[in-house]
Each structure stands twice: as structure tokens, then as C-alpha cells.
Amino acid sequence: MTLRIYNTLTHRKEIFAPLSPGRVRMYVCGPTVYDSSHIGHARSVVVFDVVARYFRACGYEVTYVRNFTDIDDKIINRARELGMDTVSLSEKYIQEFYKDMDALNVQRATLEPRATQHIDDIQKVIQTLMEKGLAYESGGDVFFRVSRFDGYGKLSGRKPEDMLAGARVEVDQRKENPMDFVLWKSAKPGEPFWDSPWGKGRPGWHIECSAMSSRFLGETFDIHGGGKDLIFPHHENEIAQSEGAFGKPFARYWIHNGFVNINKEKMSKSLGNFVIIKDVVKAYHPEAVRLFLLSNHYRSPIDFSDQNMQEAGNALEKLYAAVNRMDETLENCPEPSNPPEDDLWTRFCDAMDDDFNTAQGIGILFDGVRTLNRILDEQQGLLSEETRNLVCSYRRDILKIGGILGILSQAPAVYFEGKKTEGLEKKSLSADSIEKLINDRKQARINRNWAEADRIRKLLEDMNVILEDRPGGTLWKIKNS
RNA sequence: GGCGGCAUAGCCAAGUGGUAAGGCAGCGGCCUGCAAAGCCGUUAUCCAUCAGUUCGAAUCUGAUUGCCGCCUCCA
């Protein structure tokens, strides 16, 4: 197995080789907790959740750090607006974040530190930068001296002199150079603060990641991730801080996920098209949301729309139906003795090894489902030992792949029952009345009164209820949408 | 102005040198009392346009057009 990762730093896919054999240390920038998380956060978190799951499945021991930025201008402003203190505000949104992520079946990171828990670490890094002449104090704030750090711009591929600094934002007159950025920000009256050698204040945005990543992962570690928008200036600044302070290479592989558009438009506050996770998981099955988010390559943009979500929902249903079918066919599934050479799992891993190509991996998953359905279609009566073995191999692989993508985590029966309950609520129907009609139809069918049977079917269909006559009886489900 | 990305069927989307995965929708068929589900077949002589490299390109190179992102808080 050779995993190749597209490294933003080198603009190439590179063979992944961890710093310590068998271990992966990764750091992903988490949210600033001043508002509800949106579908864009979901993409980033789900993508890196899958990355971590895949590494673990490949046998690596993964240390995954994802931070919470819990002190920052936006938090201060929002808290003021709401008449809250910053601690309660950030706590509220951290809890909401967890709730959203649990709903999305996201596994917790190994460590989830908060900036405010590491003020000492942050100050130590700033102190080191001061000592090295890479930082300076000016008017109560401490700035990073970009001119003294060689290689500033290497991640984002831009040269300081090319950037029209201050073109869109007024340059802080206290900076020596427009590119310099704040490491420590002095507190204005009424703002939360921590004591420091430079006076009362709070950390700048970028420094927390340098401090916490070195604390938990070391000064050099394997993977650093986040949304594409963080490449500049956030990650560029992190590199400057960490490499400046520690004199060692910072993250070795940089992974950046693309944006989520809403109906082909950029999601932004001004357009008022923010899609919040808690609303999305109400409208669609959380695993459908994951399937949707993983249906494009992680670096490409993805378009959130009702149609795309609907399709993801249909796709998920098809997967559950296949698992359900296997479960009904097989009483139990022993570990397959000799799995096929080119099995699904191997093919899935090949896709994942190519820069976490989940879109291709999902294609392989469906390929497997079709093959499996074909096998089961062709089977009459009892399965031969050979077929049984094959089906078991498919079943195991499909669920294993589901385990990486974070889908198919429910028992099919639970999934379908849940869909029903939800559908009934949405359409304001009762299961009793539906089952009564199905029973009437059953009688009509026994009497070979096809006209009546079809009338009832049509009646139910108008109520968005779809029937499925199976050998064991009639199943029903609520039509999607 | 600088930097970067993308353009593949009706729609979504893989494929990045060896002759177009997969999903949704459509059509034909099998199955079914009829359906549904599932399966089979079919649906791009061709991958924005033009030129070039190559035995061979959607895949590499150059140009053109269109779209998008970043350079400001942002996943």
C-alpha cells in the first residue's frame, strides 16, 4: 500500500511517509466558536474524519488534534451583542459543535484543545520569537516581523512584494511592515485579558495553532489540514511562527479541502445563504449528508442543493437496502475463508491511496452492491458454500468501507424504521391507517380482486406510500421528498 | 494587479499517457396479477476550443474562451 497525498506546500502528490513509522500526527484547524457550524465546517470535519479513519484502518496509530478557537475578536463582539461573557458564548457553541458532529457520526479527535487553555504555551512561543528578533512590541501589541523570516509565502505561493498589502484593508500604523501580523493583542477596556510580559491582552489568531501543535505533536509533525481559505494568511503565518521559533520544518504534508457552494453560489453571510448543520441533519439523513460531502474529491468545490442531497439520500437508501438484503439472506456470516484477490476493500484502498479519492471509492462501493445484487438475483434457494463465502466477503467489505466513510453505521432495520417514522411525521400520516389499508389490500389480493388491490395501492401512493410485495408479505415505505 | 483552481453524457461525478468508473434521471427487457425493489441492455466515436509532442492524449505542452477561489474574518 502506498498512500499518496497532494501536498499544498509542493503542489504535488507525494508518497506519504510518516515521521515515525506506524504513527501519524495530524493537526486540523477547528472552528472559531462564535456561531452555529455550517455545512462548510461539516465538510472539513468530515473529510479529516475520514482521513483519520483511513489511517487507522491502514494500521497507523493516529494522534489527531483539532483545536477550538475560543477567544478572538468575533467571539468578543458576538458576546457583547448577546450580553454574554465570552466563556459562556464559546462554551455554548462548542457544545453545539459536538452535537452537530455527533449527529454527523464524526469521531472525536484525539485531543481537542482550546486556545484559552494554552495561554502559557502561546506566550512561550511569542517570547521565543521576541528573543530571536522575529517579533516586536508596538503600542501594546506584539507583531511578527515578516521581513526577518525567509520563505514567507512558500505555502500560498506568493511573494510579499507581490501582494497589494493594504489594498483592501487599512494598514495598522504601528506595524513596521504591512505584512506583519499580530501575535498578542492588547486588551481594550472591558475585553477579556490575560497578563503577559507585554501587558494585559489576548493571543492573536494564528499563534494558538503553533503553540498547541508543538505542545501535542512536536515541533515537526506529519499532517496539517484545514479549509482552502486558511492557506493564506492563517497557515502561512503558522509556518512563519513555528519555523521561526523552533528552527525546524513545521508540518510535512499540508492538506486543504475545497468549499461548499450553495446552489452554485459562494456561501456567505452577505448573500444570506448560510446552511447550518443542525438544519441540514433535520432535513436529510446525516449519513446522506456525509455521502454527499464525500461524493466529490475533497479538493474540488462541491455544490449543496436539494437535488444533490436528494440523490445522496437515494444512494444511501440503496446501500442500506443491499445490506438489508444480505442480512436477510445470510443467517450469520463467518469470516470469509479465502476472500477474492481483487476484493472490494482492496479496490477501495487503491482509490483512497490516491489522495483520499472518496468519490472513486464510493463508485467502487456501488459497483460492489450491483455485483452482489446480481449474485443474489441469480441465486435460487439455498446458497452454495462458494456463493455464501462470496456474499460474506462483500458484506464484510461493504461494511468496512462504510466504516471509513462513516456511513452504514445503523442496522438496516433501524435505518428503515427511522425513515418510516420520520416520513410519517413529515406527511402527518399514521402507521396504523396505512397498515389497515395494506391489510384490506391483502384481502383483495387473496380474493384475486386486482381492481380493488390496485385501487388501494393507488390510494396509498397518493399518500406518498410505496408498497413492495415480497414473498414474506408487503413492505411499505414513505416516498422521499 | 498578484497567486491558484476548474471545464468529462440530461444532471452529479471518477478517470491525469494505453483507448471513457459510479450515482440520479430516461428508454428497452427480465421479474411481478399489476407494481416496487433488484438485475440485464442502452444512453459521451468522445472528454470547452485551437495547435503541438507521442506508436498512442480526456490525460503532457502552448495558446484561446468561459467559470470559480484566494490576496480581508472565513471550512
Side-chain angles (χ1 to χ4, degrees), chain A residues 8 11 13 28-32 34-35 37-48 69 72-74 77 153 156-170 179 205 225-234 236 256-261 264-269 291-292 295-297 299-303 305 307-308 310-319 321-322 324-325 347 351 354 357-378 445 448-451 453-454 457-458 461 466-470 474-477 479:
Chain A
T8 310
H11 309 282
K13 280 186 199 171
V28 176
C29 291
T32 300
Y34 73 107
D35 206 348
S37 299
H38 54 67
I39 187 76
H41 295 110
R43 184 177 196 192
S44 177
V45 175
V46 166
V47 161
F48 289 102
T69 300
D72 154 281
D73 288 1
K74 289 194 296 290
N77 292 337
S156 52
R158 52 191 96 210
K159 304 183 192 84
E161 57 270 28
D162 286 343
M163 286 183 260
L164 292 177
R168 294 162 77 179
V169 115
E170 207 174 320
M179 295 311 302
W205 172 37
K228 265 190 159 77
D229 50 345
L230 297 181
I231 295 172
F232 190 89
H234 185 54
E236 196 68 63
H256 292 99
N257 65 272
F259 291 128
V260 179
N261 291 134
K264 302 194 171 164
E265 270 186 328
K266 184 185 164 152
M267 177 166 64
S268 75
K269 296 259 183 199
L291 198 57
F292 161 72
S295 66
N296 281 32
H297 184 89
R299 280 187 280 120
S300 307
I302 189 167
D303 188 42
S305 66
Q307 195 195 332
N308 288 344
Q310 199 65 54
E311 286 187 6
N314 290 345
L316 183 69
E317 180 129 343
K318 184 167 173 157
L319 294 175
N324 191 230
R325 195 175 175 194
R347 290 173 63 206
D354 183 14
N357 196 335
T358 51
Q360 190 178 39
I362 289 168
I364 289 160
L365 187 60
F366 279 99
D367 223 11
V369 165
R370 200 190 46 221
T371 309
L372 181 89
N373 276 322
R374 185 170 48 221
I375 292 168
L376 294 177
D377 274 1
E378 284 165 359
R445 291 181 77 216
R448 307 196 136 258
N449 185 351
W450 307 128
D454 289 348
R457 177 200 290 289
K458 184 72 176 53
E461 200 182 324
I466 306 290
L467 299 184
E468 214 174 300
D469 292 327
R470 301 262 206 105
T474 298
L475 299 183
W476 60 272
K477 65 181 182 185
K479 208 195 307 186

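Chain letters run A, B, ... following the sequence lines, proteins first and then strands; every chain starts at 1.
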If you only use heavy atoms from C-beta on, which nucleotide in [options] is closest to the side chain of [X]?
{"X": "K477(A)", "options": "A37(B), G38(B), C70(B)", "value": "A37(B)"}
{"X": "E468(A)", "options": "G22(B), A36(B), C24(B)", "value": "A36(B)"}
{"X": "R370(A)", "options": "A14(B), A36(B), G23(B)", "value": "G23(B)"}
{"X": "H297(A)", "options": "C11(B), C70(B), A14(B)", "value": "A14(B)"}
{"X": "E311(A)", "options": "C71(B), C11(B), A21(B)", "value": "C11(B)"}

Worksheet item: Can W450(A) be classed as stacking with the base of G33(B), given a centroid separation cut-off of 5.5 Å and a plane angle cut-off of 30°?
Response: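 It does: the ring sits over the base of G33(B).
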Fill in: Check: P301(A) main-chain N/O paired with N296(A) side-chain donor or acceptor under 3.5 Å
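Yes, because the side chain of N296(A) sits within donor-acceptor range (under 3.5 Å) of the backbone of P301(A).
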If we take the [atom1] atom in both [N] and [M], what is their distance in whole Å?
{"N": "U53(B)", "M": "U59(B)", "atom1": "P", "result": "15 Å"}
{"N": "G5(B)", "M": "G15(B)", "atom1": "P", "result": "16 Å"}
{"N": "C55(B)", "M": "A48(B)", "atom1": "C1'", "result": "27 Å"}
{"N": "A25(B)", "M": "G33(B)", "atom1": "C1'", "result": "28 Å"}
{"N": "U65(B)", "M": "U43(B)", "atom1": "P", "result": "36 Å"}
{"N": "G4(B)", "M": "G41(B)", "atom1": "C1'", "result": "44 Å"}
{"N": "U32(B)", "M": "U45(B)", "atom1": "C1'", "result": "38 Å"}
{"N": "A57(B)", "M": "A20(B)", "atom1": "P", "result": "13 Å"}

Item to complete: Would you mind telling me which residue lines up with the more 5' stretch of RNA chain B, R445(A) or P233(A), judged by nearest nucleotide?
Response: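 In this pair, the answer is R445(A).
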Discussion item. Both P31(A) and A321(A) contact RNA chain B. Taking the nearest nucleotide for each, which residue is further toward the 5' end?
Written reply: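 The 5'-side residue here is A321(A).
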What contact category does [X] fall into here, base, sugar-phosphate, or nothing, at under 4.0 angstrom with non-hydrogen atoms?
{"X": "G227(A)", "value": "sugar-phosphate"}
{"X": "L230(A)", "value": "sugar-phosphate"}
{"X": "E378(A)", "value": "nothing"}
{"X": "K13(A)", "value": "nothing"}
{"X": "D454(A)", "value": "base"}
{"X": "R374(A)", "value": "sugar-phosphate"}
{"X": "K228(A)", "value": "nothing"}
{"X": "V260(A)", "value": "base"}
{"X": "D367(A)", "value": "sugar-phosphate"}
{"X": "R470(A)", "value": "nothing"}
{"X": "G258(A)", "value": "base"}

Send over the distance from [X] [atom1] to [N] [atom2], rounded to a whole Å.
{"X": "Q307(A)", "N": "C11(B)", "atom1": "CD", "atom2": "P", "answer": "10 Å"}
{"X": "K266(A)", "N": "C6(B)", "atom1": "NZ", "atom2": "P", "answer": "19 Å"}
{"X": "E236(A)", "N": "C71(B)", "atom1": "CD", "atom2": "C1'", "answer": "11 Å"}
{"X": "E317(A)", "N": "A36(B)", "atom1": "CD", "atom2": "P", "answer": "15 Å"}
{"X": "H256(A)", "N": "A75(B)", "atom1": "NE2", "atom2": "C1'", "answer": "10 Å"}
{"X": "L467(A)", "N": "U32(B)", "atom1": "CG", "atom2": "C1'", "answer": "14 Å"}

How close do [X] and [Y] get, heavy atom to heavy atom, and via which atoms?
{"X": "L291(A)", "Y": "A312(A)", "result": "CD2-O, 3.7 Å"}
{"X": "L372(A)", "Y": "A322(A)", "result": "CD2-O, 4.3 Å"}
{"X": "I364(A)", "Y": "A351(A)", "result": "CD1-CB, 4.0 Å"}
{"X": "A359(A)", "Y": "H297(A)", "result": "CB-N, 4.1 Å"}
{"X": "C29(A)", "Y": "L230(A)", "result": "CB-CD1, 3.6 Å"}

[N] pairs with which nucleotide, Watson-Crick or G-U wobble, both distances below 3.5 Å?
{"N": "G69(B)", "result": "C3(B)"}
{"N": "A9(B)", "result": "none"}
{"N": "C55(B)", "result": "G18(B)"}
{"N": "A44(B)", "result": "none"}
{"N": "U49(B)", "result": "A63(B)"}
{"N": "G38(B)", "result": "C30(B)"}

Fill in: Presence of N314(A) side-chain N/O under 4.0 Å of C24(B) phosphate oxygens OP1/OP2
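So the side-chain polar atoms of N314(A) never come under 4.0 Å of the phosphate oxygens OP1 or OP2 of C24(B).
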Worksheet entry | Short side-chain N/O contact to A75(B) OP1/OP2 from N257(A), under 4.0 Å |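 So the side chain of N257(A) is outside the cut-off, no N or O lying under 4.0 Å from OP1 or OP2 of A75(B).
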N/O donor-acceptor pair, side chain [X] with base [N], under 3.5 angstrom:
{"X": "N357(A)", "N": "G15(B)", "result": "no"}
{"X": "D469(A)", "N": "C34(B)", "result": "yes"}
{"X": "Q360(A)", "N": "G15(B)", "result": "no"}
{"X": "R457(A)", "N": "A35(B)", "result": "yes"}

Discussion item. For D354(A), is there an ion pair with K13(A) - N to carboxylate O distance below 4.0 angstrom?
Written reply: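 D354(A) and K13(A): salt-bridged.
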Worksheet item: Does the distance from a Lys or Arg side-chain N to an Asp or Glu carboxylate O, for R158(A) and E236(A), drop under 4.0 Å?
Response: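 Salt bridge between R158(A) and E236(A), a charged N being under 4.0 Å from a carboxylate O: no.
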Worksheet entry | Stepwise side chain to side chain contact (heavy atoms under 4.5 Å, CB included) test for T8(A) and R299(A) | CA-CA 10 Å; T8(A) 310; R299(A) 280 187 280 120; over 6 Å; no
